[in-house]
Amino acid sequence: MFSLAIGSRRIHLALSDLYFIETLPPHKLIVHTADSQYQFYGKLNQLEKEYPQMMRVHKAFLINPENVQEIDFSNKQIFFAEGIACSLSGSKVKAIKERIAKTPSD
């Protein structure tokens, strides 16, 4: 489960529903799922440590590799369902190729 606090509310999401988390200045994060987005305050570095099954692919993005549908290495884009996408850092290309190769597919 992935837990986040928005004001006085506490939201719990199944990790399998998460596509990616992105940073939004100042100090905000956005969780992207198939049908929702949640904004909250936090640090990507902290979430990266708390959820080792997630993967840092850019200074501003932490993804769930299990939900990746396509990677465009030439344009450095990672695609999820419904055409939702995030950026891929050139320095993370090798790591994501290795990680995706290990991720079980349907």
Legend entry - Hydrophobic cluster (4.5 angstrom, side-chain heavy atoms) - remaining members for Leu24: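 Leu24 shares its hydrophobic cluster with Ile30.
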
What distance separates [X] [atom1] from [Y] [atom2], expressed to the nearest 0.5 Å?
X: Glu66; Y: Met54; atom1: CD; atom2: CE; answer: 10.0 Å
X: Phe40; Y: Leu29; atom1: CZ; atom2: CG; answer: 4.5 Å
X: Ile96; Y: Ser91; atom1: CD1; atom2: OG; answer: 11.5 Å
X: Ser87; Y: Lys59; atom1: OG; atom2: NZ; answer: 10.5 Å
X: Ile78; Y: Asn64; atom1: CD1; atom2: CG; answer: 11.5 Å

Hydrophobic clusters here meaning ILVMFWY residues chained together by side-chain heavy-atom distances under 4.5 Å, can you tell me if [X] and [Y] are in one?
X: Leu88; Y: Phe61; answer: yes
X: Val93; Y: Phe20; answer: yes
X: Val68; Y: Met55; answer: yes

Atom pairs and distances, side-chain donor-acceptor, residues 41-50, under 3.5 Å, sequence neighbours left out:
unit_1 : atom_1 : unit_2 : atom_2 : d
Asn45  : OD1    : Arg56  : NH1    : 3.0
Gln46  : NE2    : Glu50  : OE2    : 2.9
Glu48  : OE1    : Arg56  : NH1    : 3.0

Legend entry - All side chain to side chain donor-acceptor pair (under 3.5 Å) counterparts of His32, not counting sequence neighbours: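 With sequence neighbours excluded, His32 shows a side chain to side chain donor-acceptor pair (under 3.5 Å) to Glu22, Gln37, given in chain and number order.
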
Inset, instruction - Sort and list the pairs that fulfil salt bridge (charged side-chain N to carboxylate O under 4.0 Å, His left out) and have at least one residue in residues 23-38, not counting sequence neighbours. - result: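 Applying salt bridge (charged side-chain N to carboxylate O under 4.0 Å, His left out) to every pair that reaches into residues 23-38, excluding sequence neighbours, yields nothing.
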
Inset, instruction - Check Pro52 against Arg99 and note the closest heavy-atom contact, atom names and distance. - result: O-NH2, 3.4 Å

Legend entry - Close side-chain approach of Phe80 and Glu70, heavy atoms under 4.5 Å: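 Of all side-chain heavy-atom pairs linking Glu70 with Phe80, none is under 4.5 Å.
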
Inset, instruction - Check whether any side-chain heavy atom of Ile71 sits under 4.5 Å from a side-chain heavy atom of Phe79, and report yes or no. - result: no

Inset, instruction - Using the test ring pair (Phe, Tyr, Trp, His ring centres under 6.0 Å), find all partners of Phe2 that sit at least two apart in sequence or belong to another chain. - result: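 Testing Phe2 for ring pair (Phe, Tyr, Trp, His ring centres under 6.0 Å), a comparison that skips the adjacent residues, returns Tyr51.
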
Legend entry - Test item: Asp72 side-chain N/O and Ser74 main-chain N/O as donor-acceptor pair under 3.5 Å: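 Yes: the side chain of Asp72 pairs with the backbone of Ser74.
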
In residues 8-19, what donor-acceptor pairs under 3.5 Å come from side-chain atoms, sequence neighbours left out?
unit_1 : atom_1 : unit_2 : atom_2 : d
His12  : ND1    : Ser3   : OG     : 2.7
Tyr19  : OH     : Glu82  : OE1    : 3.1

